[in-house]
Amino acid sequence: MRTVTNLLLCGFVVVATQAEVTLEPDMPFLWVQNKQTAVLKCCFNNNKGKIINFSWVRRHHRGNATEGPLNVTITDLVIKGYEPPCGNLSFISAQPSDSGLYQCLLDNKIFTHGTYLHVYIPLEKTIDLSESTKNKILTAEGVLLVLSVILPAATVLFQSKKLTELEKKKMKREEENIYQGLNLDDCCTTYDQIERSQAQGQYEDVCNFAEREEGIQLEKP
């Protein structure tokens, strides 16, 4: 029964304290490079003008577990400050070991939303190139890119021209094969015979005595 009563009292105190304090949104996360300055803020408003004591706490991962909240130790390189309505925590030279979730604890009762600080070490250059060398590499890449576009286009154009010439030669050979072996004298004689046969009909020819002797009956015009 005492446990339930204590929980109810603690809940009432927290609700009452939250009514006195309004929490402002915190920066969700902050990324800084190793050995650079990092500044964290927790902002809150006191609704009744009462002085609110605050301290910084930290939660961080160790393996698969989360440790904290642990009080942040203030040193020459980790400075605590207050500029209404925000509390500040400044890391003069942040280290990867400083990474974690930082919150303000107000009057030992309320935690602010918190900011996750991540301190990273940048990758070192594996190849140190000067600017002139980089420009030469970019120029060579541009030339190779142009050649990769021009050479295939020139090859296709050359093949197309070659195919066109082959088609012309093929058509010329076919025309020669058509007229090959034909005798122009025979063609003319055959043409004359066809013309005469079309011009002569089955009419009586007073000058054709051979046909009269053979007894062929001709149609009179």
Side-chain angles (χ1 to χ4, degrees), residues 23-43 56-70 72-83 85-104 111-182:
L23 301 180
E24 299 293 335
D26 293 337
M27 183 185 300
F29 57 87
L30 177 64
W31 288 55
V32 295
Q33 187 175 331
N34 184 36
K35 296 182 180 180
Q36 287 189 348
T37 301
V39 179
L40 304 177
K41 292 184 179 182
C42 64
C43 300
W56 284 94
V57 296
R58 174 192 174 201
R59 305 174 194 264
H60 67 282
H61 293 284
R62 185 181 296 274
N64 295 327
T66 301
E67 294 185 354
L70 302 175
V72 177
T73 302
I74 305 301
T75 64
D76 294 339
L77 298 179
V78 181
I79 302 172
K80 175 185 174 182
Y82 179 69
E83 296 179 2
C86 299
N88 302 326
L89 185 65
S90 301
F91 294 86
I92 305 303
S93 180
Q95 304 292 327
S97 58
D98 294 328
S99 298
L101 177 64
Y102 289 83
Q103 296 173 285
C104 281
F111 289 99
T112 58
H113 303 100
T115 300
Y116 188 87
L117 173 65
H118 179 72
V119 182
Y120 66 93
I121 300 176
L123 296 176
E124 296 181 358
K125 295 181 180 180
T126 55
I127 301 177
D128 191 8
L129 299 177
S130 62
E131 292 298 328
S132 59
T133 304
K134 293 179 182 179
N135 293 333
K136 291 178 182 179
I137 293 175
L138 292 176
T139 303
E141 290 179 350
V143 172
L144 292 176
L145 180 61
V146 172
L147 291 178
S148 65
V149 174
I150 293 177
L151 290 180
T155 303
V156 172
L157 182 61
F158 177 75
Q159 291 179 351
S160 176
K161 185 177 180 180
K162 189 174 180 180
L163 290 175
T164 303
E165 292 178 355
L166 290 175
E167 289 291 336
K168 290 181 179 180
K169 291 180 180 180
K170 183 179 179 181
M171 294 176 62
K172 187 175 181 180
R173 285 198 301 268
E174 290 178 354
E175 292 178 357
E176 292 176 354
N177 292 334
I178 292 174
Y179 295 104
Q180 187 177 6
L182 293 178

Which donor-acceptor pairs under 3.5 Å do the side chains of residues 25-39 make with protein atoms, sequence neighbours left out?
{"residue": "D26", "atom": "OD2", "partner": "H113", "partner atom": "N", "Å": "3.3"}
{"residue": "D26", "atom": "OD2", "partner": "G114", "partner atom": "N", "Å": "2.9"}
{"residue": "T37", "atom": "OG1", "partner": "I92", "partner atom": "O", "Å": "3.2"}

Can you list everything that forms a side chain to side chain donor-acceptor pair (under 3.5 Å) with S132? Sequence neighbours excluded, please.
S130
Excluding sequence neighbours, so at least two apart, what forms side chain to side chain contact (heavy atoms under 4.5 Å, CB included) with T155?
Q159
Mind checking side chain to side chain donor-acceptor pair (under 3.5 Å) for H118 and listing every partner two or more places apart, or none if nothing turns up?
none
Considering only heavy atoms from C-beta outward, does the side chain of L147 approach that of I150 to under 4.5 Å?
no
Is there a side-chain contact between V72 and V78 in this structure, where contact means two heavy atoms from C-beta onward sitting under 4.5 Å apart?
yes
Ignoring hydrogens and angles, tell me if any N or O in the side chain of T139 forms a donor-acceptor pair with the backbone of N135 under 3.5 Å.
yes
Less than 2.5 angstrom apart at the SG atoms, yes or no, for C43 and C86?
yes
What distance do C42 atom SG and F111 atom CZ have between them, rounded to the nearest 0.5 Å?
12.0 Å
Excluding sequence neighbours, so at least two apart, what forms salt bridge (charged side-chain N to carboxylate O under 4.0 Å, His left out) with E165?
none
Side chain to side chain contact (heavy atoms under 4.5 Å, CB included) partners for E83, two or more places apart
N88
List the atom pairs, with distances to 0.1 Å, where a side-chain N or O of residues 97-104 and a protein N or O form a donor-acceptor pair under 3.5 Å, not counting sequence neighbours.
{"residue": "D98", "atom": "OD2", "partner": "Q95", "partner atom": "N", "Å": "2.9"}
{"residue": "S99", "atom": "OG", "partner": "P96", "partner atom": "O", "Å": "3.0"}
{"residue": "S99", "atom": "OG", "partner": "V119", "partner atom": "N", "Å": "3.0"}
{"residue": "Y102", "atom": "OH", "partner": "D98", "partner atom": "O", "Å": "2.6"}
{"residue": "Q103", "atom": "OE1", "partner": "R59", "partner atom": "NE", "Å": "2.7"}
{"residue": "Q103", "atom": "OE1", "partner": "R59", "partner atom": "NH2", "Å": "3.4"}
{"residue": "Q103", "atom": "NE2", "partner": "T112", "partner atom": "O", "Å": "2.8"}

Which distance, rounded to the nearest 0.5 Å, do you find between the CG of L117 and the NE2 of H60?
13.0 Å
Donor-acceptor pair, side chain of S148 and main chain of L145, under 3.5 angstrom
yes
Across all chains, not counting sequence neighbours, the salt bridge (charged side-chain N to carboxylate O under 4.0 Å, His left out) partners of E67 are R62
Taking the side chain as C-beta and beyond, is there a heavy-atom pair between F91 and I79 under 4.5 Å?
no
Minimum heavy-atom distance K80-W56, with the two atoms named:
CG-CD1, 4.2 Å
